[in-house]
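Since the model is a prediction, treat every value here as computed from it, not as a measurement. Here is the naming used below: chain letters follow the sequence lines, and residue numbers restart at 1 for every chain.
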There are 2 protein chains.
Amino acid sequence: MLQLDFRDRQPLHEQIKEKMKMLIIRGVLQPDEQIPSVRELAQSLTVNPNTIQKAYKNLETEGFIYSVRAKGSFVAPHPQKHAGHHPRRKVLLAELEKIVAELMYLREPKEQLFNVIHAIYAKKEVE
Amino acid sequence: MLQLDFRDRQPLHEQIKEKMKMLIIRGVLQPDEQIPSVRELAQSLTVNPNTIQKAYKNLETEGFIYSVRAKGSFVAPHPQKHAGHHPRRKVLLAELEKIVAELMYLREPKEQLFNVIHAIYAKKEVE
DNA sequence: TCTACCGTATTATGTGGGTTAATACAGTTG
DNA sequence: CAACTGTATTAACCCACATAATACGGTAGA
């Protein structure tokens with residue numbers, strides 16, 4: 001299901017969190033859809049169940065999934081309106097600024113960045 | 001000069017690298033300007049000289065500074081033309097996609113992202 | 001030349017996080 | 001009852017981070 005890089009210095013639980021987050025954001029996993037159990041995913045990725053649980057715990061804290069004892073873990077419903085005070089928002093915008101600043105430093109054309117954003121937002125409207 | 005967060009889990013040498021990178025990108029430090037020596041910055045930040053050296057070494061690898069034995073470390077000249085094959089470019093664009101995708105998920109208006117980019121690129125033209 | 005400073009390298013040491021491992025508990029499902 | 005869920009706890013190992021002490025080679029100024 002997911003592909004991990006065991007040689008990367010990024011922790012496995014973070015890699016798992018990021019990949020799962022992407023699948024949810026991109027709509028590959030639908031709201032209320034059940035995701036693999038802790039033990040099942042651990043076995044298929046050949047990692048320890050604790051590593052999966054840490055990833056799932058963080059995903060739940062960030063609002064991407066919800067877990068029900070003895071039933072399983074599921075994709076959380078998508079946000080319905082723009083929450084300007086969302087805790088993640090400030091972090092994301094700050095990161096965005098850093099990246100754009102460095103791309104500008106490398107003489108990346110501004111229009112290219114617009115194209116990237118357009119492509120992502122256009123994709124969303126399809127799903 | 002720089003401000004570090006010793007409680008942050010981000011390594012000190014990475015914090016130093018990122019802050020210095022920002023000062024260079026934003027034009028606070030001019031090309032060929034000398035930056036603090038390893039020992040000097042170590043003392044003023046109350047960290048070990050080895051930590052500074054690791055930050056400087058990575059900054060040099062990424063092309064933001066250059067170091068001359070027995071003379072000091074200096075801000076590298078800015079890139080003059082867009083290098084589409086630059087190693088950092090691919091990484092930065094990939095990160096950009098991740099962040100924009102998550103902001104879209106949080107229902108951030110597309111126009112807001114455009115404004116951020118506009119502001120950064122506009123700032124550059126002043127300097 | 002002497003002194004002070006520069007970048008750079010090496011080795012040793014302590015600490016904390018990431019990961020694995022082995023259990024255990026509580027609740028649901030068939 | 002059996003098999004599966006999420007969750008919690010404890011111990012152990014490894015490695016990156018950071019510190020510390022020291023040294024080498026080259027430059028600059030008194």
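- Counting to the nearest Å, the C1' atom of C:dC6 and the CD1 atom of B:Ile35 are 12 Å from each other.
- Checked options A:Gln112, A:Arg107, A:Glu108; the residue passing with B:His82 is A:Glu108 (criterion: side chain to side chain donor-acceptor pair (under 3.5 Å)).
- Proximity of a side-chain donor or acceptor of B:Glu97 to a complementary backbone N or O of A:Val116 within less than 3.5 Å is not detected.
- Surrounding CD of A:Gln10 are more than 12 heavy atoms belonging to other residues, nucleotides or ligands, all under 6.0 Å away.
- The aromatic ring centroids of B:His78 and B:Phe64 lie 6.0 Å or more from each other.
- When the P atom of C:dT8 is taken as reference, atom CG of B:Asn48 falls 16 Å away, rounded to whole Å.
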Check the pair B:Tyr105 / A:His86 against ring pair (Phe, Tyr, Trp, His ring centres under 6.0 Å), numbers first and verdict last.
-> CA-CA 12 Å; B:Tyr105 176 82; A:His86 194 285; 8.8 Å; no
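- The shortest distance between the side-chain N/O atoms of B:Ser73 and the OP1/OP2 oxygens of C:dC6 is not below 4.0 Å.
- The OH atom of B:Tyr66 sits 13 Å away from the P atom of C:dT8 (whole-angstrom rounding).
- Note on B:Met20 and B:Phe74: separate hydrophobic clusters, where clusters join Ile, Leu, Val, Met, Phe, Trp and Tyr whose side-chain heavy atoms are under 4.5 Å apart, directly or indirectly.
- The shortest non-hydrogen separation linking B:Leu113 to B:Leu103 is CD2-CD1, 3.7 Å.
- Here the closest heavy-atom approach between residue A:Ile16 and residue A:Ala55 is recorded as CG2-CB, 3.8 Å.
- Here C:dG18 presents its P atom at 17 Å from CG of A:Asp5, a figure rounded to the nearest Å.
- For the pair A:Arg9 CZ and C:dT19 P, the interatomic distance rounds to 14 Å; values are reported in whole Å.
- Screening residues 31-41 of chain A for side-chain hydrogen bond (donor to acceptor under 3.5 Å, both in side chains), with sequence neighbours left out, gives A:Asp32-A:Tyr66.
- Taking atom CD of B:Gln43 as the reference point, atom P of C:dC5 lies 11 Å away to the nearest angstrom.
- Comparing B:His13 and A:Gln53, the nucleotide of DNA chain D nearest to each residue sits closer to the 5' end for A:Gln53.
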Restricting both atoms to N or O, compile the protein contacts to nucleotides 24-27 of chain C shorter than 3.5 Å, with distance only.
from   : atom 1 : to      : atom 2 : distance (Å)
C:dA24 : N6     : A:Arg39 : NH2    : 3.4

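- With a heavy-atom cut-off of 4.0 Å to chain A, the contacted part of DNA chain D has its first and last nucleotide at D:dT5 to D:dT9.
- A:Asn50 places its CG atom 12 Å from the P atom of C:dA22, with the value rounded to the nearest Å.
- Residues B:Lys57 and A:Phe6 both approach DNA chain C. Their nearest nucleotides, taken by heavy-atom distance, put B:Lys57 toward the 5′ side.
- The CZ-P distance, from A:Arg7 to C:dT19, rounds to 16 Å in whole Å.
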